[in-house]
Amino acid sequence: MSTSGFTPSAGVPHMDIDPFSIEFFEDPHPAHEVLREAGPVVWFDKWNVYGVARHAEVHAVLNDPLTFCSSRGVGLSDFAKEKAWRPQSIILEADPPEHARTRAVLSRVLSPTVMKQLRGSFVAAAESRVEALLAKGSFDAIADLAEAYPLSVFPDALGLKPEGRENLLPYASLVFNSFGPPNKLRQDAIERSAPHQAYVADQCQRENLAPGGFGACIHARADAGDITAAEAPLLVRSLLSAGLDTTVNGIGAAVYCLARFPDQWARLRSDPTLARNAFEEAVRFESPVQTFFRTTTRDVEISGSRIGEGEKILMFLAAANRDPRRWDRPDEYDVTRKTSGHVGYGSGIHMCVGQLVARLEGEAVLSALAKRVSAIEITGPATRRFNNTLRGLESLPVSIKAA
Amino acid sequence: MPTIIFNRPDNRSERIDASVGASVMQVATTHGVDEIVAECGGNAMCATCHVYVDEGWIARLAPMSEEEDELLHGVAAERLPNSRLSCQIKITPELDGLIVRLPDRQI
């Protein structure tokens, strides 16, 4: 909350929009436009926080981690004023210089070299998933593809036990709801969280992680002295928090785009090597992770607006990804677009450390679809799943035909 | 403005005037040099902006960080002694005439 007596500095436009309401989540794009056009910095009366929705300002805040810190939480809750609902993350919710050490460990565990080794098995799993769906003909593209595929590769890559994996999606949903304000979504999620938290705490321990997986590799860094033995489970927890629901929503977004825009589906089918970019463009277009907060560590000026120390700033990644100041035809899904520079994975030192896993999964699924499927048809109402941070669908009934 | 010369895999060559302070990756992606993908947007995380720096120039660049060295192990095309990530090469006036060769693939 604001330390400035719940009023913004002069000249900052007041918004009466609640960016964490169901109404907002139903269709955020018109509201994103209002926020972008109101000014480079806005103020939300409902939650007493600043917001930035244009690409330039979002990018600037993301790339100045000493002024806009993460250690006071990347949700609305300010850890300097209230206790975090779980032990603080030592990577997501850490600042330089401490952040560099833990970040280096996960960067190495999820490096391009490691992705080369995983590619074959991830591609094979996507191809067999698509074959199975072709045999079914009609299915739910969320449960049977966007969730089923990551669940078939990521927990094994981490080295998780077979038991208890049903906790993974509820735990991730809880984490992303927790970044929001104390609304019903957040409160309900935290109230129901005890069994999921217990599972995750247990699963992060070394003896519960299979040799060779990401989890065991993290613990091995403790042997090497890069992190302490007590820090290793917390870094495994980061992968359990952010490694699954994000790709579920990314793949769901991509399939939803390709099903809605037949010309883009035809373009992808004519050149399946576009699969990786088609996924990346879906991340820009739908922005599965919609928002994150930062907290100011000093008085600062953003594009002419003065902001005091200790203020929360809400960054609208999704609005930045459709800012007409940065993108041509921002509201069009274009599988050939040059997507470099979108902030769907963030930017700067906290940019998604698992982005290479996400792209590998997305590319594998879209490539398998493009090669084996001739048509994707939406056969029933697409229903939305509401979360304070994540944007995605609950259900997308489709039917597909073999090529 | 320093000029950067990009030699493409099909031997076509492109001379681009670059702004001091930008990275070689930014120069490429803002001038239609499609061989540079730069998925991570210049955050030294994805290894998809790989270039081979001309032998005469390699020693004149600032040395690479440990992170860049590790990422270069994961590039899609063959890693050579003159491999660099173009997002990590900042344009200075001294780099006027820099020649880089583009690999045939980044992913």
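FYI, side chains are in, hydrogens and waters are out, and symmetry mates aren't considered; it's all heavy atoms of this structure. Chain naming here is simple, since letters A, B, ... match the order of the sequence lines and numbering starts at 1 in each.
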Q: Only pairs of heavy atoms separated by less than 4.5 Å count here; which of Gln355(A), Glu280(A), Lys338(A), Arg276(A) has the most with chain B?
A: Arg276(A)
Q: Side chain from CB out, backbone as N, CA, C, O: work out which of these in Glu66(B) comes under 4.5 Å of a heavy atom of chain A, or both, or neither.
A: side chain
Q: Above 12 or not: heavy atoms from other molecules or residues under 6.0 Å from CG of Asp223(A)?
A: yes
Q: Can you check whether anything in residues 60-69 of chain A gets within less than 4.5 Å of chain B, heavy-atom wise, and list it by number?
A: Asn63(A)
Q: List the steps, then state whether side chain to side chain contact (heavy atoms under 4.5 Å, CB included) holds for Met351(A) with Cys40(B).
A: CA-CA 8 Å; Met351(A) 189 182 188; Cys40(B) 80; 4.1 Å; yes
Q: For Arg15(B), look at atom CZ and say whether over 12 heavy atoms of other residues, nucleotides or ligands are found less than 6.0 Å away.
A: no
Q: Of all heavy-atom pairs between Ala38(B) and Ser340(A), which one has the smallest distance, and what is that distance?
A: O-OG, 2.7 Å
Q: Which one, Gly341(A), Cys352(A), Ser347(A), leads in non-hydrogen pairs under 4.5 Å with chain B?
A: Ser347(A)
Q: In terms of heavy-atom pairs under 4.5 Å with chain A, which of Glu39(B), Glu67(B), Gln26(B) leads?
A: Glu39(B)
Q: With a strict 4.5 Å heavy-atom criterion, list every residue of residues 80-107 of chain B that contacts chain A, or say none.
A: Ile107(B)
Q: Which pair of non-hydrogen atoms, one from Cys46(B) and one from Pro112(A), has the smallest distance, and what is that distance?
A: O-CG, 4.0 Å
Q: Indicate the atoms forming the closest heavy-atom contact of His73(B) with Lys116(A), along with that distance.
A: O-NZ, 3.9 Å
Q: Mind checking the CG-OG1 spacing from Leu71(B) to Thr113(A)? Nearest 0.5 Å is all I need.
A: 8.0 Å
